[in-house]
Amino acid sequence: VRVTVTISDATAWLNAVGLDINMSEVFAGFDETKWNNISKTIEGETDTVTYVLYYNEKLASEEDITLFTGVNIPTSLTQAQAAEFDGSFTIDVLAEAVQTKNVGTNAYEAFQTVYGN
């Protein structure tokens, strides 16, 4: 399973929490023992920051997993940093999965083959 988390208003986000965040501190319910944070990308044109994560294990049939349950506001967030968000930001989550049975490779390699990234 690969999950892409894209956050709008990257400029304000990066000023508030930075790029190299501790996912479990910012995202409530995030279990860092179950997810690998593979990449972080800042897109200037759309002013977004994207985190790509891979689940560490194969899922059983019809198994449910949780990426996170909420977003924690950092206690270090200042009024000036909060004002940069201009009232809101969005978090878009895209989950993808690759069938591993009969694929002949691991899921990470399968995503590289299909998406080239």
Side-chain angles (χ1 to χ4, degrees):
V1 174
R2 174 172 72 180
V3 177
T4 304
V5 178
T6 302
I7 303 165
S8 70
D9 205 351
T11 304
W13 177 265
L14 296 171
N15 287 338
V17 298
L19 180 63
D20 295 317
I21 61 173
N22 179 327
M23 298 293 278
S24 60
E25 287 179 10
V26 176
F27 296 102
F30 179 82
D31 185 347
E32 61 221 14
T33 65
K34 294 183 179 182
W35 295 93
N36 286 326
N37 187 346
I38 299 297
S39 68
K40 306 159 197 128
T41 307
I42 302 168
E43 176 56 52
E45 279 187 35
T46 58
D47 195 29
T48 59
V49 60
T50 300
Y51 299 91
V52 178
L53 303 115
Y54 287 86
Y55 194 66
N56 290 335
E57 301 172 11
K58 293 179 183 178
L59 297 180
S61 179
E62 298 184 32
E63 179 181 354
D64 290 333
I65 57 174
T66 299
L67 180 61
F68 60 88
T69 57
V71 179
N72 297 320
I73 297 173
T75 56
S76 61
L77 186 70
T78 66
Q79 245 182 337
Q81 290 170 325
E84 289 182 38
F85 283 106
D86 197 26
S88 69
F89 63 94
T90 60
I91 299 175
D92 294 320
V93 179
L94 172 66
E96 303 166 301
V98 172
Q99 172 183 317
T100 57
K101 188 174 183 178
N102 301 324
V103 172
T105 187
N106 69 38
Y108 180 80
E109 290 172 353
F111 278 121
Q112 306 318 303
T113 301
V114 173
Y115 294 103
N117 57 27

Can you give each donor-acceptor pair under 3.5 Å made by side-chain atoms of residues 7-15, sequence neighbours left out, with the distance rounded to 0.1 Å?
unit_1: Ser8; atom_1: OG; unit_2: Thr90; atom_2: N; d: 2.7
unit_1: Ser8; atom_1: OG; unit_2: Thr90; atom_2: OG1; d: 3.2
unit_1: Thr11; atom_1: OG1; unit_2: Asp47; atom_2: OD1; d: 2.8
unit_1: Trp13; atom_1: NE1; unit_2: Tyr51; atom_2: OH; d: 3.2
unit_1: Asn15; atom_1: ND2; unit_2: Thr11; atom_2: O; d: 3.3
unit_1: Asn15; atom_1: ND2; unit_2: Glu84; atom_2: OE1; d: 2.7

### Task
Given side chain to side chain contact (heavy atoms under 4.5 Å, CB included), test Asn56 with Thr33 step by step and report yes or no.
CA-CA 8 Å; Asn56 290 335; Thr33 65; 5.7 Å; no

### Task
Scan residues 69-80 for pairs that pass salt bridge (charged side-chain N to carboxylate O under 4.0 Å, His left out), counting only residues two or more places apart or in two chains.
none

### Query
Can you name the side-chain hydrogen bond (donor to acceptor under 3.5 Å, both in side chains) partners of Asn72, sequence neighbours left out?
none

Residues 37-45 side chain polar contacts: donor-acceptor under 3.5 Å, at least two apart:
unit_1: Lys40; atom_1: NZ; unit_2: Asp20; atom_2: OD1; d: 3.0
unit_1: Glu43; atom_1: OE2; unit_2: Glu45; atom_2: N; d: 3.4

### Leu53 side chain near Asn36 side chain, heavy-atom distance below 4.5 Å
no

### Task
Kindly write out the residues that satisfy side-chain contact (heavy atoms from CB on, under 4.5 Å) with Leu94, not counting sequence neighbours, or none if the list is empty.
Thr4, Glu96

#### Entry: Check: Glu25 side chain, Asn22 main-chain N or O, donor-acceptor pair, under 3.5 Å
no

### Task
With sequence neighbours excluded, give me every salt bridge (charged side-chain N to carboxylate O under 4.0 Å, His left out) pair touching residues 27-36.
none

### Query
Taking atom types as modelled, is there a side-chain donor on Thr50 or Thr6 under 3.5 Å from an acceptor on the other?
yes

### Query
Any side-chain heavy-atom pair from Trp35 and Tyr54 closer than 4.5 angstrom?
no

Would you mind writing out the side-chain donor-acceptor pairs for residues 63-71 within the sub-3.5 Å range, not counting sequence neighbours?
unit_1: Glu63; atom_1: OE1; unit_2: Ala60; atom_2: N; d: 2.7
unit_1: Thr69; atom_1: OG1; unit_2: Ala28; atom_2: O; d: 3.1

## Note on the structure
Members sharing Ile73's hydrophobic cluster, built from side-chain contacts under 4.5 Å between Ile, Leu, Val, Met, Phe, Trp and Tyr, are Leu77

